[in-house]
Amino acid sequence: MTPMPEDPRIRQLVSMLSRRRVLQYGLIGGAGALVAACGGGIGGASTSPSASASGAPTAKDMSSTEKIMNWSNWPLYIDVGPNKSHPSLDAFKKATGITVNYTEDYNDNNEFYAKVHPQLQAGQPIGRDLITATDWMAHIWIANGYAELLDLANIPNHKNIGKSWQNVSFDPGRKYSMPWQSGSTGIGWNRAELKRLTGKTELRTLDELWDPRLKGRVTILSEMNDSMGLMLMAMGKRADKFTDADFSAAIAEYQKYVNNGQIRGITGNDYATSMASGTVVAAVAWSGDMLSDTKTYGYSIPESGGMLWTDNMLIPPLAAHKTNAEKWMDFYYQPEIAAMVAAYVKYISPVAGAQEAMKKVDPTQVNNPAIFPDAATLAKLQVFMPLTDIQRTNYQKQFQALSGA
Amino acid sequence: MVAVLPSSGQTFQQGGGRRGRRITPYLLLLPGMAWLAVFFLIPLFSLAQTSLMQMRGASPDQGFVNAFNVANYTNSMQQFMAQYLRSFWYSGLATIFALLISYPLAYFIAFKSGRWKNLLLVLVVAPFFASFLIRTYAWRTILADDGWITTTISHLGLLPDNRILATPIAVVAGLTYNFLPFMTLPLYASLDRIDPRLIEAASDLYAKAFTGFRKVTFPLSLPGVVAGTLLTFIPAAGDYINAQLLGALQNKMIGNVIQSEFIDIRDYPTAAALSFVLLATILILVTVYVRRSGTEELL
């Protein structure tokens with residue numbers, strides 16, 4: 001057989017041609033199939049959902065012949081060396097001969113899922129061997145059968161998954177996913193501007209964001225779980241176990257501050273640049289963004305509690321280099337490699353033994369609470385309640401209405 | 001079409017040649033039509049079909065089934081009427097501002113710029129060398145609350161909230177800025193085409209400069225005005241980047257709603273219905289506008 005092109009849509013077209021299906025479809029049908037293959041078939045009504053909870057269809061693994069692995073990860077989420085190299089990936093190539101095609105095209109959980117969903121639903125490969133999805137999104141992939149079962153024989157270091165990450169609701173025993181990095185969601189502020197406007201040097205509760213002196217200078221995150229979790233806890237509820245009424249009450253509370261102009265926007269990653277320029281003074285914020293520059297920004301976990309989230313590596317269905325992806329997971333789960341990445345990105349490392357290994361990698365980071373939070377900090381963090389499809393749709397609609405769209 | 005018309009005095013004996021000539025225009029149209037069919041008509045049909053679908057269960061994850069669910073239209077319009085009307089209000093304002101800024105600019109380039117003409121035209125197009133998104137992001141820095149522009153204007157007491165960002169002003173200004181070249185270039189093209197002798201003749205007939213402009217220059221530039229306003233209004237009405245990056249939560253436009261229905265909620269039928277209503281409304285507005293302005297030259 002001739003080698004297949006990498007792009008899944010072109011693959012689909014090639015296989016269509018080779019099966020002489022074009023004749024069958026006729027010209028218009030062919031054009032329609034072309035549009036469908038290009039992701040035009042958004043309705044998904046005509047496509048039979050091949051996915052089921054029992055697991056994804058498996059592809060022929062070409063790992064032994066093609067020494068590559070395609071990974072879609074979030075921007076600025078891995079160590080960077082001279083000339084924009086990634087030392088951890090280089091070390092992996094040296095050890096195994098496998099080149100990682102590292103792409104930073106995972107910008108937003110919803111956006112990425114919406115982009116590949118038509119292909120997933122049609123049972124087509126998405127051209128990636130590894131993706132990094134946040135807990136709730138990993139839940140959607142796994143529950144819909146869009147994740148490959150990991151072959152633990154290839155991942156002896158699977159045992160190094162930190163204790164708090166071993167048994168998660170969406171993947172008990174971590175059969176489909178392995179954590180990449182974790183972080184917390186709390187309150188961040190621009191030190192100079194906060195001092196100038198309110199005289200305060202820190203913020204300790206969510207209520208302090210509603211100070212009239214900060215009117216129009218506050219943002220919250222467009223990642224629903226993070227913003228809503230903080231509000232639920234501030235209202236005395238739990239973020240890991242709440243009712244529909246609790247959720248609606250938390251929305252109503254935010255709505256109050258949207259209506260009176262206290263909340264300026266609901267943003268993704270870009271709140272950090274607005275905060276750097278002083279336009280945004282205080283925000284519901286992610287730990288890594290704020291702790292990367294402690295001179296400019298302050299960060300705290302509210303007294304009522306903050307959110308703990310994890311981004312998880314998982315292998316999409318029909319991945320062509322599944323074994324290579326598993327080898328990378330195994331490689332990363334060596335404490336030295338995990339410490340190397342964590343020392344750079346400053347997010348919580350889920351790899352057991354990374355703190356010990358950090359002594360050799362970068363002794364100044366061994367006691368950095370951003371990477372290795374103490375027990376008291378961890379006790380204040382909650383993981384958002386796992387949602388059913390119906391709950392998620394219902395909640396997401398309420399949250400979108402809050403944002404005016 | 002002129003080439004196909006027989007000129008008088010010719011005889012029509014060579015039937016084959018004539019038939020060939022009759023087919024030629026259609027052959028020339030074929031690639032364009034095929035392109036339109038594959039990349040416009042089929043997606044449009046698919047969009048129409050999607051807009052009438054129904055969710056299989058209570059969440060989009062269970063997929064959609066074909067139906068004739070007209071409620072998608074009524075429900076979504078009821079829910080998002082505010083954003084829908086706001087889109088036309090903002091894009092209409094942006095079109096007017098763009099026209100007010102572009103007309104003198106295009107006039108100057110066409111009649112007064114002399115040897116600087118080409119340079120000025122390049123400058124009009126220059127913003128396109130940077131991405132739309134980056135330019136809009138740049139405005140966030142330029143108009144930052146503590147920036148000198150905002151502080152100066154608010155010291156004059158002109159800003160109720162002491163800010164420009166996160167207000168309708170910022171959204172309309174962003175739309176105006178981003179689509180300005182689409183207004184300027186067609187205006188320039190039609191002003192530049194005007195025969196200067198006509199204006200000369202007007203002044204020979206004792207028309208004052210302004211009367212000459214009103215009676216000669218402006219009417220002759222109307223095709224440019226119509227083309228420019230269309231090229232500005234249509235993309236501005238569907239835009240969501242400016243409202244997203246420069247506006248507040250209260251300034252979201254219909255494009256933002258469609259984006260969030262498609263991406264965040266994945267309620268494809270609602271998103272498709274909203275897109276379709278937007279498409280139809282723009283089509284109707286444009287038809288009425290072009291008919292009333294009576295510029296056949298444009299079509």
Side-chain angles (χ1 to χ4, degrees), chain A residues 28 31-32 34-36 38 40-49 108-115 117 121 140 143-144 193 196 215-217 222 224 258-259 261 263-267 270 273-274 276-281 388-394 396-397 399-405, chain B residues 34 37-39 42-43 46-47 49-50 53 55-67 79-80 82-83 137 140-141 143-147 161-163 165-166 240 243-245 247-269 271-272:
Chain A
I28 294 299
L34 175 82
V35 171
C38 294
I42 46 166
S46 52
T47 52
S48 59
D108 177 290
N109 280 306
N110 278 324
E111 181 199 276
F112 189 86
Y113 186 58
K115 194 161 78 181
H117 188 245
Q121 210 172 32
I140 293 179
N144 285 294
E193 282 293 293
R196 187 175 73 80
K215 188 177 174 210
R217 313 294 286 267
S222 58
M224 178 178 83
V258 166
N259 291 351
I263 294 177
R264 182 193 190 97
I266 300 182
T267 73
D270 49 325
T273 48
S274 301
S277 72
T279 294
V280 170
V281 179
T388 63
D389 292 349
I390 294 168
Q391 279 172 321
R392 174 151 296 284
T393 304
N394 171 17
Q396 191 82 48
K397 283 201 170 185
F399 190 69
Q400 285 310 129
L402 186 69
S403 77
Chain B
V38 173
F39 293 107
I42 295 177
S46 152
L47 191 73
Q49 194 188 20
T50 308
M53 282 180 179
M55 269 192 216
R56 194 172 283 146
S59 114
D61 295 291
Q62 282 136 38
F64 304 94
V65 284
N66 276 321
Q79 203 181 343
F80 299 112
Q83 289 91 336
Y137 257 109
R140 282 165 59 123
T141 313
L143 299 177
D145 288 14
D146 296 333
D161 280 335
N162 292 328
R163 67 181 196 206
L165 285 180
Y240 67 94
Q244 174 77 35
L245 296 182
L249 302 172
Q250 290 82 357
N251 314 136
K252 294 282 171 73
M253 295 166 68
I254 198 70
N256 301 92
V257 177
I258 294 172
Q259 192 245 9
S260 99
E261 290 290 327
F262 262 127
I263 304 283
D264 295 321
I265 302 174
R266 291 194 307 286
D267 185 347
Y268 300 141

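Proteins come first, then strands; the chains are lettered A, B, ... in the order of their sequence lines, and each starts at number 1.
Checked against ring pair (Phe, Tyr, Trp, His ring centres under 6.0 Å), A:Tyr113 has the following partners two or more places apart in sequence or in another chain: A:His117, A:Trp141.
Between the OG1 atom of A:Thr279 and the CZ atom of B:Arg140 there is a distance of 8.0 Å, given to the nearest 0.5 Å. For the atom pair CD1 of B:Ile265 and CG of A:Asn110, the computed distance is 9.0 Å after rounding to the nearest 0.5 Å. Atom CD of B:Glu261 and atom CD of A:Gln396 lie 10.0 Å apart (nearest 0.5 Å). Here the straight-line distance linking atom CZ of A:Arg217 with atom CZ of B:Arg163 works out to 9.0 Å at 0.5 Å rounding. For the atom pair A:Asp270 CG and B:Gln244 CD, the distance stands at 7.5 Å (nearest 0.5 Å). Considering CD1 of A:Ile390 and CE of B:Met55, their distance stands at 10.0 Å, rounded to 0.5 Å.
Looking at B:Leu165 and A:Arg264, their side chains come closer than 4.5 Å, going by heavy atoms from C-beta outward. Residues A:Glu193 and B:Asp146 have side chains in contact (heavy-atom distance under 4.5 Å, counting atoms from C-beta outward). Two residues are said to be in side-chain contact when any heavy atoms from C-beta on lie closer than 4.5 Å; B:Thr141 and A:Ser277 fail this criterion.
Other residues, nucleotides and ligands place no more than 12 heavy atoms under 6.0 Å from the OH atom of B:Tyr240.
In terms of heavy-atom pairs under 4.5 Å with chain B, the best-connected choice from A:Thr267, A:Ile266, A:Asn109, A:Thr273 is A:Ile266. Comparing B:Ile263, B:Val257, B:Ile258 by heavy-atom pairs within less than 4.5 Å of chain A, the highest count is held by B:Ile263.
Closest of all the heavy-atom pairs between A:Ala405 and B:Ser260 is O-OG, 3.1 Å. The minimum heavy-atom distance between B:Tyr268 and A:Ala114, with the atom names listed, is OH-O, 4.4 Å.
A donor-acceptor distance shorter than 3.5 angstrom exists from the side chain of B:Gln250 to the backbone of A:Val258, with no hydrogens or angles considered. Using a distance-only test at 3.5 Å, with no hydrogens or angles considered, no donor-acceptor pair links the side chain of A:Gln400 to the main chain of B:Asp264.
Using a 4.5 Å cut-off between heavy atoms, B:Asp267 contacts chain A through its side chain alone, with no backbone atom that close.
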